[in-house]
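Letters go in sequence order (proteins before strands), and every chain restarts at 1.
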Protein chains: 2
Amino acid sequence: MAIPLKKVLDSDDTDRIDRGLLPDLVGYQLRLAQLAIFKDLKRTLQPYPISPGLFGVLVLIDANAGMKQTELAKAVHLDRSSVVSVIDNLETMKLVQRRAANGDRRSKALFLTAEGRRLLQRLKPLVLEHERRLTRHLSPAEQKTLVNLLRRIFPEHR
Amino acid sequence: MAIPLKKVLDSDDTDRIDRGLLPDLVGYQLRLAQLAIFKDLKRTLQPYPISPGLFGVLVLIDANAGMKQTELAKAVHLDRSSVVSVIDNLETMKLVQRRAANGDRRSKALFLTAEGRRLLQRLKPLVLEHERRLTRHLSPAEQKTLVNLLRRIFPEHR
DNA sequence: ATCAAATTGTTTGATGTCCACCAATTTTTC
DNA sequence: GAAAAATTGGTGGACATCAAACAATTTGAT
């Protein structure tokens with residue numbers, strides 16, 4: 001069970017690598033942070049067949065019962081065609097229902113099933129626990145600062 | 001060319017949507033920001049067959065001539081198998097070369113071709129311009145704060 | 001020196017996403 | 001009211017990514 005010598009010597013590991021101008025790019029740092037967060041959230045949701053993305057979809061449909069697929073697509077920044085298979089999956093899992101929209105025979109209204117709502121309620125505490133873990137090294141003021149700075153990167157996007 | 005009436009009335013558009021607890025999640029805000037940034041960077045690199053991800057790979061190989069594929073994989077947070085096709089592509093474009101590594105007959109050493117270096121030098125100003133556009137609403141101090149806060153989310157990742 | 005374990009690049013198969021279309025339907029224009 | 005344009009959910013193809021397997025090779029243990 002001895003630790004390989006090589007490992008010990010370059011405990012720096014990846015860090016002997018020169019990242020050039022990358023670390024100076026806000027987008028690069030953002031991507032790193034986001035990657036790490038998604039990885040953690042994925043592990044948090046592990047026991048359930050729900051990815052971070054699907055969690056977002058459930059939250060949205062729950063908060064906007066009857067919303068149409070195109071609206072959902074816009075809200076989660078997915079292509080309309082991607083939403084089709086996302087909803088297909090959630091429908092197969094009996095978490096979401098497509099119903100005929102009232103005024104428009106083209107569009108479908110999305111609803112969480114009772115089971116979907118139940119699952120979402122069970123998921124939420126896990127996600128909040130994940131969130132606490134993330135921000136554990138940041139004071140509330142710092143969290144606020146972070147979110148505000150992020151928002152200001154693209155003011156045109158509100 | 002008149003603007004559709006409907007559009008004018010819900011100029012709120014997506015914004016009549018309730019995002020539930022999502023906006024309170026740091027990971028959600030991060031994902032939004034990162035998505036927008038990648039979209040902008042992609043458009044910036046439009047004239048060249050180089051995605052934001054490929055740009056990062058070029059920078060890394062340039063700064064670490066002779067690095068092996070596994071090292072690259074770790075550095076860009078890609079699977080080893082994904083790096084295979086990434087390098088395949090860059091090699092087809094004659095931007096990168098795989099050479100036999102000196103001490104190890106399993107691994108291959110990666111190098112930028114002259115053309116690869118030339119392209120990278122042409123790309124860098126575009127990326128820096130993109131970066132300026134991003135941070136145009138942030139003072140240098142704020143930029144620093146942002147990057148530091150991001151780094152502190154996962155201290156274990158340095 | 002030998003043999004077990006780890007590493008490297010690769011292939012294959014699954015998944016998630018986009019894009020370019022499409023038919024049905026609705027909205028706008030004239 | 002009829003024709004043109006826009007919108008909606010959907011299909012099919014392309015592509016990026018991962019995970020699991022694999023053969024060749026290197027490293028470690030004894």
Practice problem: Assess whether one donor atom and one acceptor atom, taken from the side chain of S85(B) and the base of dA16(D), lie less than 3.5 Å apart. | Solution: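 Result: no qualifying N/O pair found.
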
Exercise. Would you kindly check whether a donor in the side chain of R106(A) faces an acceptor in the base of dT26(C), or vice versa, at under 3.5 angstrom?
Key: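 Looking at the base of dT26(C), it does not pair with any donor or acceptor on the side chain of R106(A) (distance under 3.5 Å).
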
Quiz item: Does NZ or CZ of R122(A) fall inside the cone over Y48(A)'s six-membered ring, less than 6.0 Å from its centre and within 45° of the axis?
Solution: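 So R122(A) doesn't make the cation-pi contact.
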
Quiz item: Looking at F111(B), does the NZ or CZ of R99(B) lie under 6.0 angstrom from its six-membered ring centre and within 45 degrees of the ring axis?
Solution: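 Verdict for F111(B): a cation-pi partner in R99(B).
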
Rounding to an integer number of Å, can you tell me how far [X] [atom1] sits from [N] [atom2]?
X: N89(A); N: dA14(C); atom1: CG; atom2: P; value: 15 Å
X: L54(A); N: dG16(C); atom1: CG; atom2: C1'; value: 10 Å
X: D88(A); N: dG9(D); atom1: CG; atom2: P; value: 13 Å
X: R98(A); N: dT8(D); atom1: CZ; atom2: P; value: 15 Å
X: I87(B); N: dT8(C); atom1: CD1; atom2: P; value: 15 Å
X: D104(B); N: dG28(D); atom1: CG; atom2: P; value: 12 Å
X: H77(B); N: dA19(D); atom1: NE2; atom2: C1'; value: 18 Å
X: R80(B); N: dG9(C); atom1: CZ; atom2: P; value: 8 Å

Side chain of [X] - closest among [options]:
X: V84(B); options: dG12(D), dT11(C), dG16(C); result: dT11(C)
X: K108(B); options: dG9(C), dT26(D), dT11(C); result: dG9(C)
X: D79(A); options: dC19(C), dG9(D), dT10(C); result: dC19(C)

Quiz item: Which of these, E71(A), K74(A), Q69(A), sits in a side chain to side chain contact (heavy atoms under 4.5 Å, CB included) with V83(A)?
Solution: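 Of E71(A), K74(A), Q69(A), side chain to side chain contact (heavy atoms under 4.5 Å, CB included) with V83(A) is met by Q69(A) alone.
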
Quiz item: Can you tell which of L54(B), T113(B), I61(B) makes a side chain to side chain contact (heavy atoms under 4.5 Å, CB included) with V96(B)?
Solution: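 Among L54(B), T113(B), I61(B), the one that satisfies the side chain to side chain contact (heavy atoms under 4.5 Å, CB included) with V96(B) is I61(B).
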
Practice problem: Name the nucleic acid region contacted by S81(B), choosing base, sugar-phosphate or nothing; use a 4.0 angstrom heavy-atom cut-off, strictly under. | Solution: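 It contacts base atoms.
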
Practice problem: Identify whether any heavy atom of S107(A) sits under 4.0 Å from a base atom; if not, whether one sits that close to sugar-phosphate; answer base, sugar-phosphate or nothing. | Solution: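 Sugar-phosphate: the residue S107(A), judged by heavy atoms under 4.0 Å, touches backbone atoms but no base.
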
Quiz item: Counting only side-chain N and O atoms of R105(A), is one of them less than 4.0 Å from OP1 or OP2 of dA24(C)?
Solution: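 False: R105(A) side-chain N/O out of range (4.0 Å or more) of dA24(C) OP1/OP2.
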
Self-check item: Short side-chain N/O contact from Q69(A) to OP1 or OP2 of dT7(D), under 4.0 Å
Solution: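 No, Q69(A) has no side-chain N/O under 4.0 Å of OP1/OP2 on dT7(D).
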
Exercise. Answer yes or no: is there a side-chain heavy-atom contact under 4.5 Å between P23(A) and Q29(A)?
Key: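 They are in contact (side-chain heavy atoms under 4.5 Å apart), so the answer is yes.
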
